[in-house]
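Keep in mind the model is a prediction, meaning the values are calculated, not measured.
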Amino acid sequence: MVTAAESAARKSQQQSRVLIVGNYCHDVLIQNNAVKAVSLGGAASFISNVFNGLSVSCNLVSKVGEDFKYPVSYTPIVIPTLKTTVFHSYFDPGLHGNDHQDRILKRVCACDPIRPSDLPDTRFKYGMGVGVGGEILPETLERMIEICDVVFADIQALIRASSEEAVFMDVEEVRKWCCVVVTNGKHGCKVYWKDGELGISPFLANQEDPTGAGDSFFGGFVAGLVQGLAVPDAALLGNLFGSLSVEQVGLPKFDTRLLQRVKDEVQRRKMQCLLHERSDDELKFSRPEGHEQFHTFLLAARLITPCSIEEHQWNSPSSTMETEQTAVPHYTKQPKLLANPMYEEPIHRVE
């Protein structure tokens, strides 16, 4: 017999299975030397957007300045003496002769880093370190490893000098210790682990804005793992959301019919795999039976109910200033300035 207290504890534990750590930021789109739009940005916003769409609950730790005005599902910590992290995205179609739109990022303002003491004092199944401006400190990542069973760290959370972060780490060495996922734009992604590697099929998309594509992939990937999918199936889900993200400017809005079809299929896929494999908490890297059929279904669902760019309202600078400010708690500790809050070197993004 399960008591009410035990039932509540189990429910609370299920609702707190994922911890996301990374700052929200303000994205400014600049085209032809003119500000075209501003939007809520940051890996945490794109990932939580996917989680919300797939009905995956999480805890999110993020810091912003008093200038932060976007309504968000997960309340950030406000640093009264600093401004929210800002990225300028210089965006031009066909830059450098490529067949798609490229961008150059500049971080022009940085908020406070997230410290170990900012993390909740509880246990999580999964942790995600997804910084955008150097806010994930080594000691914070160490604390995440202590309180989470599995930790996913975007290399961008630790390095912010190039889009090709994989060149800054030895994949062959790292795969001996943990799973490595390398995204490759329209070519999908590749999963590496100690005993093997596997390429995951992409979903073709009409790219409008590459901002947040990798973050949306990351959100779909971890959301799949949270819901019990094997790693290859979860990576397929990540590729799907990455492709949906690039077709819209700024934070994407997903078609509700598509989301429902995907959620239903994920549950069906989970039950199908349970019939063929022993159920446990270990990540499964081999391609499960029916993987190609899962890809076919997601592709069909995507084509039946495509996300409409017109449905997504891209905030102009004037309309953003009129947005109601979210009620957020102020930071009670003494805030500290970053040693180098300004970062002027351009960051080239190439999908």
Side-chain angles (χ1 to χ4, degrees), residues 16-27 39-52 56-65 68 70 72-79 82-87 89 105 107-120 124-148 150-161 163 165 181 183 211-223 225-226 238 241-242 245 250-252 326 328 331 335 338 341 343 347 349:
S16 303
R17 295 195 71 192
V18 186
L19 172 65
I20 301 173
V21 180
N23 286 347
Y24 291 124
C25 69
H26 293 163
D27 282 347
S39 173
L40 171 65
S45 65
F46 283 90
I47 291 170
S48 60
N49 185 45
V50 173
F51 275 27
N52 288 340
V56 175
S57 299
C58 66
N59 282 35
L60 192 152
V61 178
S62 180
K63 288 184 177 180
V64 299
F68 187 74
Y70 291 101
V72 290
S73 301
Y74 305 94
T75 304
I77 299 169
V78 173
I79 308 298
L82 294 179
K83 292 185 177 181
T84 303
T85 299
V86 176
F87 275 93
S89 181
L105 285 181
R107 193 187 78 191
V108 297
C109 183
C111 197
D112 203 44
I114 299 172
R115 307 180 188 283
S117 58
D118 298 318
L119 304 183
F124 296 91
K125 175 65 178 177
Y126 300 105
M128 303 179 69
V130 291
V132 291
E135 71 268 26
I136 305 289
L137 302 175
E139 54 266 35
T140 304
L141 190 60
E142 290 178 357
R143 178 58 181 162
M144 291 181 65
I145 293 173
E146 291 176 357
I147 64 176
C148 302
V150 179
V151 174
F152 300 90
D154 187 345
I155 195 67
Q156 289 183 155
L158 306 176
I159 306 171
R160 200 56 163 168
S163 65
E165 293 84 5
V181 181
T183 59
T211 306
D215 303 321
S216 294
F217 164 86
F218 203 6
F221 176 63
V222 175
L225 296 178
V226 170
F241 280 96
S245 180
L251 195 67
T326 307
V328 290
Y331 195 52
L338 286 173
Y343 186 76
I347 306 164
R349 302 289 298 183

key: Pair Tyr24-Phe68, ring-ring contact (aromatic ring centres under 6.0 Å, His included): steps then yes or no   = CA-CA 9 Å; Tyr24 291 124; Phe68 187 74; 5.6 Å; yes

Looking only at heavy atoms, what is the nearest atom pair of [X] and [Y], with distance?
{"X": "Tyr74", "Y": "Cys58", "result": "CE2-O, 3.3 Å"}
{"X": "Asp112", "Y": "Ile79", "result": "CB-CG1, 3.9 Å"}
{"X": "Leu19", "Y": "Cys148", "result": "CD2-SG, 4.3 Å"}

Any chance you could measure [X], atom [atom1], to [Y], atom [atom2], to the nearest 0.5 Å?
{"X": "Ser245", "Y": "Asp215", "atom1": "OG", "atom2": "CG", "answer": "8.0 Å"}
{"X": "Leu82", "Y": "Cys109", "atom1": "CG", "atom2": "SG", "answer": "7.5 Å"}
{"X": "Thr85", "Y": "Asp27", "atom1": "OG1", "atom2": "CG", "answer": "10.5 Å"}
{"X": "Leu137", "Y": "Ile114", "atom1": "CG", "atom2": "CD1", "answer": "8.5 Å"}
{"X": "Ile145", "Y": "Thr140", "atom1": "CD1", "atom2": "OG1", "answer": "11.0 Å"}

task = Assess whether side-chain contact (heavy atoms from CB on, under 4.5 Å) is satisfied between Phe152 and Val181, documenting all intermediate values.
result = CA-CA 10 Å; Phe152 300 90; Val181 181; over 6 Å; no

request  = For Val222 and Met128, run side-chain contact (heavy atoms from CB on, under 4.5 Å): C-alpha distance rounded to whole Å, both residues' side-chain angles, the deciding distance at 0.1 Å, then the answer.
outcome  = CA-CA 9 Å; Val222 175; Met128 303 179 69; 3.6 Å; yes

task = Compare all side-chain heavy atoms of Val72 with those of Ser45 and state whether any distance is below 4.5 angstrom.
result =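 Val72 vs Ser45: side chains apart.
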
query = Could you go step by step and tell me if Leu119 and Met144 meet the side-chain contact (heavy atoms from CB on, under 4.5 Å) rule?
reply = CA-CA 8 Å; Leu119 304 183; Met144 291 181 65; 3.7 Å; yes

Listed partners of Phe51 passing ring pair (Phe, Tyr, Trp, His ring centres under 6.0 Å), at least two apart =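 Not a single residue meets the ring pair (Phe, Tyr, Trp, His ring centres under 6.0 Å) criterion with Phe51.
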
query = Would Thr183 and Phe218 satisfy side-chain contact (heavy atoms from CB on, under 4.5 Å), going step by step from the backbone distance to the final call?
reply = CA-CA 10 Å; Thr183 59; Phe218 203 6; over 6 Å; no

